[in-house]
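Order of appearance sets the numbers: ligands from 1, and atoms from 1 within every ligand.
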Amino acid sequence: MKEINLTTKIRVYLIDECTDVEKKLIEAAKLATKDAYVPYSNFSVGAALLLGNGEIVTGNNQENAAYPSGLCAERTAVFFANANYPDQNIEAIAVAAHYKGEFTKDVITPCGACRQVLLEVENRYKKPMKILLYGGNDEVYQLDSIKELLPLSFGEEML
Ligand code: THU
C-alpha cells in the first residue's frame with residue numbers, strides 16, 4: 001500500500017494587508033452581492049474578476065424556482081467575462097457572501113462545479129488565477145491557483 005497526501009497552500013491575510021488591487025477586487029465582490037437574485041436561499045454571493053487588461057467585471061448568484069436552473073456567482077461572472085472579453089485571461093477572482101444582514105464570518109469557497117469551470121479558465125488562458133476568498137471578520141484566504149482547491153482534477157490533458 002502506498003499513501004498519497006495532497007496539501008493545499010492557503011495564505012490568510014487581514015484585509016489591511018492586501019494590496020490596493022486586491023482590496024479593490026474584494027470590494028467589487030462585496031458590492032456585487034447586493035444585486036444577487038436569491039429569493040430561495042437569501043444567500044447572496046458576489047464574485048469579481050480582474051481581467052488581463054486590468055478591467056474588473058462582476059457577477060452574482062441568480063436563482064430559479066426550478067432550483068438547478070440557477071447559477072452561482074462565480075460562474076455568472078466567468079461566463080460573462082468569457083462571452084464579452086474572450087481575449088482576456090482572468091488574473092484573479094474575489095468572492096464574498098452576504099447572509100442575514102452581514103457578510104459571512106467564514107470565508108466563502110466555490111462549489112465543486114464552479115471549481116471545475118475555474119480550472120477550465122486557467123487551462124484556456126494557460127495562466128493560474130489568484131483566488132481571494134473574503135470572510136466577514138476581514139480575513140482573506142489567498143490561493144495561487146484553482147488547482148489548490150481542485151486537486152486530482154479532470155482537465156483537457158485527460159482527453
Ligand atoms: N452559491 C454561489 O453563488 N457561490 C458559491 O460559491 C456557493 C453557493 C450560491 C448558490 C445558491 O444560489 C446559494 O449560493 C446557496 O447555495
Trainee: Of all the non-hydrogen atoms in the protein, which one sits nearest to atom 9 (C) of ligand 1, and at what distance?
Mentor: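 Nearest protein contact, heavy atoms only, for atom 9 (C) of ligand 1 is Asn61 ND2, 3.4 Å.
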Trainee: Would you mind telling me if ligand 1 is within reach of the side chain of Val38, the backbone, both or neither, using heavy atoms under 4.0 Å?
Mentor: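 It is neither; nothing of Val38 touches ligand 1.
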Trainee: Considering only protein heavy atoms, which is closest to atom 7 (C) of ligand 1, and at what distance to one decimal place?
Mentor: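 Residue, atom and distance for the closest contact: Ile108 CD1, 4.0 Å.
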Trainee: Could you tell me if any non-hydrogen atom of Asn60 lies under 4.0 Å from any atom of ligand 1?
Mentor: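 Judged by the 4.0 Å heavy-atom criterion, Asn60 does not count as contacting ligand 1.
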Trainee: Does atom 16 (O) of ligand 1 have a protein non-hydrogen atom under 4.0 Å from it?
Mentor: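 Given the 4.0 Å limit, the answer for atom 16 (O) of ligand 1 is no, no protein heavy atom qualifies.
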Trainee: Answer with yes or no whether Cys114 contacts ligand 1, where contact means a heavy atom under 4.0 Å from a ligand atom.
Mentor: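 Per 4.0 Å heavy-atom rule, Cys114 does not contact ligand 1.
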Trainee: Run the ring-ring contact (aromatic ring centres under 6.0 Å, His included) test against Phe154 and tell me which residues pass, sequence neighbours left out.
Mentor: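 Checked Phe154 against ring-ring contact (aromatic ring centres under 6.0 Å, His included); zero matches.
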Trainee: Where the closest heavy atom to atom 12 (O) of ligand 1 is concerned, which of Arg75, Arg115, Glu74, Glu63 has it?
Mentor: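 It is Glu63 that holds the nearest heavy atom.
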Trainee: Give the residue, atom name and distance (to 0.1 Å) of the protein heavy atom nearest atom 8 (C) of ligand 1.
Mentor: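 Going atom by atom, the protein heavy atom closest to atom 8 (C) of ligand 1 ends up being Cys72 SG, 4.2 Å.
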Trainee: Okay, side chain of Arg75, backbone of Val117: is any donor-acceptor separation there less than 3.5 Å?
Mentor: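 No; judged by distance alone, with no hydrogens or angles, the pair does not exist.
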Trainee: Among all protein heavy atoms, pick out the one at the shortest distance from atom 3 (O) of ligand 1; state its residue, atom name and that distance to 0.1 Å.
Mentor: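 The closest one turns out to be Ala73 N, 2.9 Å.
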Trainee: State the atoms of ligand 1, each with its element, that fall below the 4.0 Å cut-off from a heavy-atom position in Cys111.
Mentor: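 Matching atoms, with element in brackets: 6 (O).
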Trainee: Name the residue from Glu139, Glu27, Lys30 that meets the side chain to side chain contact (heavy atoms under 4.5 Å, CB included) definition with Tyr134.
Mentor: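 Of all the options given, the one that passes is Lys30.
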Trainee: With rounding to the nearest 0.5 angstrom, report the CG to CG distance, Leu49 to Leu51.
Mentor: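 So the CG of Leu49 and the CG of Leu51 are separated by 6.5 Å.
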Trainee: Using a strict 4.0 Å cut-off to heavy atoms of Ser41, name the atoms of ligand 1 that fall inside it.
Mentor: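 Reading through ligand 1 atom by atom, the close ones are 13 (C), 15 (C).
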Trainee: Quick test of your reading of the model: are Lys127 and Glu91 salt-bridged, counting only N-O distances below 4.0 Å?
Mentor: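 Result for this pair is yes, salt bridge flagged.
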Trainee: Sub-3.5 Å donor-acceptor pair from the side chain of Glu122 to the main-chain atoms of Ile146, do we have one?
Mentor: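 Such a contact is found between Glu122 side chain and Ile146 backbone.
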Trainee: Just by modelled atom types, is the Lys9 backbone N or O under 3.5 Å from a matching donor or acceptor in the Glu148 side chain?
Mentor: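 Checking the backbone N and O of Lys9 against the side chain of Glu148, a donor-acceptor pair under 3.5 Å is found.
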Trainee: Hey, does Gly70 sit under 4.0 Å from ligand 1 if you only count heavy atoms?
Mentor: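 Flag not set, Gly70 not near ligand 1.
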Trainee: Numbering the atoms of ligand 1 from 1, which are under 4.0 Å from a heavy atom of Thr109?
Mentor: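 Those atoms are 6 (O).
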Trainee: Just wondering, are more than 12 heavy atoms of other shown residues or ligands nearer than 6.0 Å to NZ in Lys23?
Mentor: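 Above 12, so yes.
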Trainee: So, Glu63 side chain and Tyr40 main chain: donor-acceptor pair closer than 3.5 Å or not?
Mentor: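 Answer holds: yes.
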